[in-house]
Amino acid sequence: RMWRHSSEHMKWNGTGSTAHFQEIVLERCYNYTQLVQPELRDRDCQKIREAFRNAFISKDPCSATEEDYHPLMKLVNPTVPCDKTVFWSKTKELAHQYTKVQRELFTLEDTLLGYIADDLNWCGDTGSYEMNYQSCPHWKKDCSNNFVSVFWDLVSKRFAENACGVVQVVLNGSISNAFDRKSTFGRVEVHNLNPMKVHTLQAWVIHDLGKFPSDSCSGSSINDLKWIIMQRNIKFTCQDNYRDCGPFADG
Ligand code: 2NF
């Protein structure tokens, strides 16, 4: 009986839910709404934690839909000022360093929901009120409609829809496809920018010093991006940048 129980929980190929998920969500919510962005201090973190949990608990972890997250989304609307949005793809740490120094800029992880969920993992199980801490569906090996992937696609979409003015993206020039159509940026964010609100997409292609640059503003992947953006009636600019000078300097 015991053995059967635990093997059922090991059925997925991805890492299990993060230990203390509920507590971490609540703690990050308080930290964000009271210290990071005190304008949001009226948000109800208990309600947010509960809506987050209710989105996936007792459900088939491979049948997530956007609707499951609607109650959570209703509690938290994105509030990034114009000209302050920063997207990233394969440059997470660098983009976060950038918005830490340029404090008024926001990546998704500088907004409440992105801040709460960053680096966490979560899933439940049909007919159980517990989270599965042993394993969760892997987005490639098990199913793409798992609750973590659906969450990031949805918050990324909303983040892009709400962007306005000049928006930026930090891309990695030390890999062969700095712009990847299959990434969240290429698949979701680019297509959800609103041309009525977004004036320009400013791309930064960042190169590691000492490494041969594998892609740049004049490469074919950035040309794809430029084409997609211009077809959407948004202006496109691009700048190659070394990690050790300009706005992306290490410190
Ligand atoms: O974990 C996050 N904070 C996160 C995850 C997915 C998307 C953030 N985003 C948002 C950010 F706001 C960025 O603007 O999308 C943009 C970055 O996503 P990307 O897919 O363009 O960039 P990658 O460096 O390729 O991926 C970021 C992380 O997400 C994971 C991937 O393994 C990496 O850890 N990831 C990408 N797609 C999926 C997916 N469908 C995924 N994890 C689960 N399901």
Side-chain angles (χ1 to χ4, degrees), residues 12-18 21 24-25 28 32 36 52 55-56 61-66 68-69 73 76 78-80 84-100 102 105-123 135-164 166-193 198 201-206 208 214-215 221-222 224-225 228-229:
W12 307 112
N13 293 294
T15 0
S17 303
T18 308
F21 177 85
I24 296 172
V25 165
R28 287 185 178 179
Y32 190 91
V36 181
F52 202 155
F56 65 88
C62 272
S63 305
T65 64
E66 282 196 358
D68 290 313
Y69 285 111
M73 298 300 139
V76 189
T79 51
V80 176
K84 304 302 181 196
T85 297
V86 179
F87 300 105
W88 55 267
S89 198
K90 274 98 187 169
T91 52
K92 185 178 185 177
E93 272 180 49
L94 188 62
H96 289 170
Q97 266 174 274
Y98 178 46
T99 59
K100 209 167 206 168
Q102 309 268 317
L105 297 176
F106 290 81
T107 63
L108 177 57
E109 298 74 31
D110 298 305
T111 68
L112 179 53
L113 283 176
Y115 184 92
I116 288 176
D118 198 22
D119 293 326
L120 298 184
N121 215 19
W122 61 93
C123 69
S135 72
C136 286
H138 185 278
W139 60 294
K140 284 182 182 155
K141 295 178 194 154
D142 295 307
C143 56
S144 57
N145 50 338
N146 66 78
F147 279 90
V148 174
S149 296
V150 169
F151 172 87
W152 285 113
D153 278 7
L154 179 55
V155 292
S156 299
K157 182 176 98 175
R158 283 164 49 98
F159 184 59
E161 282 170 349
N162 281 279
C164 52
V166 178
V167 304
Q168 308 181 53
V169 61
V170 184
L171 297 172
N172 189 339
S174 296
I175 57 173
S176 55
N177 282 312
F179 173 66
D180 173 5
R181 283 169 181 272
K182 295 192 281 324
S183 67
T184 313
F185 174 67
R187 190 169 46 79
V188 179
E189 291 171 332
V190 158
H191 302 284
N192 284 286
L193 296 172
V198 175
L201 176 68
Q202 157 81 62
W204 299 95
V205 180
I206 309 302
D208 286 324
S214 301
D215 208 347
S221 87
I222 297 295
D224 282 354
L225 172 60
I228 296 170
I229 290 297

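This one's a predicted model, so the numbers in the text were calculated from it and none came from an experiment. The residues of the chain are indexed from 1 along the displayed sequence. In each ligand, atom 1 is the first atom listed, and ligand 1 is the first ligand listed.
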Which bit of Thr184 gets closer than 4.0 Å to ligand 1, counting heavy atoms only: side chain, backbone, both or neither?
both
Indicate the ring-plane relationship of Tyr69 and Phe151, choosing parallel, tilted or perpendicular according to the 30° and 60° boundaries.
perpendicular
Mind checking whether Asp118 has a heavy atom under 4.0 Å from ligand 1?
yes
Assign the ring pair Trp204 / Tyr98 to parallel, tilted or perpendicular, where the plane angle (0 to 90°) is split at 30° and 60°.
perpendicular
Would you check if the side chain of Thr18 reaches a backbone N or O of Asn121 as a donor-acceptor pair within less than 3.5 Å?
yes
For atom 28 (C) of ligand 1, find the nearest protein heavy atom and state the residue, atom name and distance (0.1 Å precision).
Trp88 CH2, 4.3 Å
Would you confirm whether any non-hydrogen atom of the protein falls under 4.0 Å from atom 3 (N) of ligand 1?
yes
Counting only non-hydrogen atoms of the protein, does one fall under 4.0 Å from atom 37 (N) of ligand 1?
yes
With sequence neighbours excluded, give me every salt bridge (charged side-chain N to carboxylate O under 4.0 Å, His left out) pair touching residues 137-149.
none
Contact check: Asp119 vs ligand 1, nitrogen or oxygen atoms, below 3.5 angstrom
no
Nearest heavy atom to atom 44 (N) of ligand 1 wins, so pick from Ser149, Ser89, Ala95.
Ser149
Got a sec, which residues hit salt bridge (charged side-chain N to carboxylate O under 4.0 Å, His left out) with Asp118, two or more places apart in sequence or on another chain?
Lys92
Polar side-chain atom of His191 near backbone of Gly186 as donor-acceptor pair, under 3.5 Å:
yes
Just by modelled atom types, is the Asp208 backbone N or O under 3.5 Å from a matching donor or acceptor in the Ser174 side chain?
yes
Is any N or O atom of Glu189, backbone or side chain, closer than 3.5 Å to an N or O atom of ligand 1?
yes
Give me the residue, atom name and distance of the protein heavy atom closest to atom 8 (C) of ligand 1.
Glu109 OE2, 3.3 Å
Check each atom of ligand 1 against the heavy atoms of Lys90 and keep those under 4.0 Å away; list them by number with element.
22 (O), 23 (P), 24 (O), 25 (O)
For atom 10 (C) of ligand 1, what is the nearest protein heavy atom, given as residue, atom name and distance?
Ser156 OG, 3.4 Å
Quick one: does Ser135's side chain have a donor or acceptor within less than 3.5 Å of a partner on Trp12's backbone?
yes
Quick check on atom 33 (C) of ligand 1 - does any protein heavy atom sit closer than 4.0 Å to it?
no
shortest atom 12 (F) of ligand 1-to-protein heavy-atom contact is with Leu108 CB, 3.0 Å
Between Tyr32 and Asp110 (side chain of the first, backbone of the second, donor and acceptor by atom type, cut-off under 3.5 Å), is there such a pair?
yes
As a check for students: among Trp152, Trp139, Phe159, Phe185, identify the option with a heavy atom nearest to atom 31 (C) of ligand 1.
Trp139
With heavy-atom distances below 4.0 Å as the criterion, list the atoms of ligand 1 near Ser183.
19 (P), 20 (O), 21 (O)
Scan side-chain atoms only and decide if Asp68 and Thr65 contain a donor-acceptor pair under the 3.5 Å cut-off.
yes
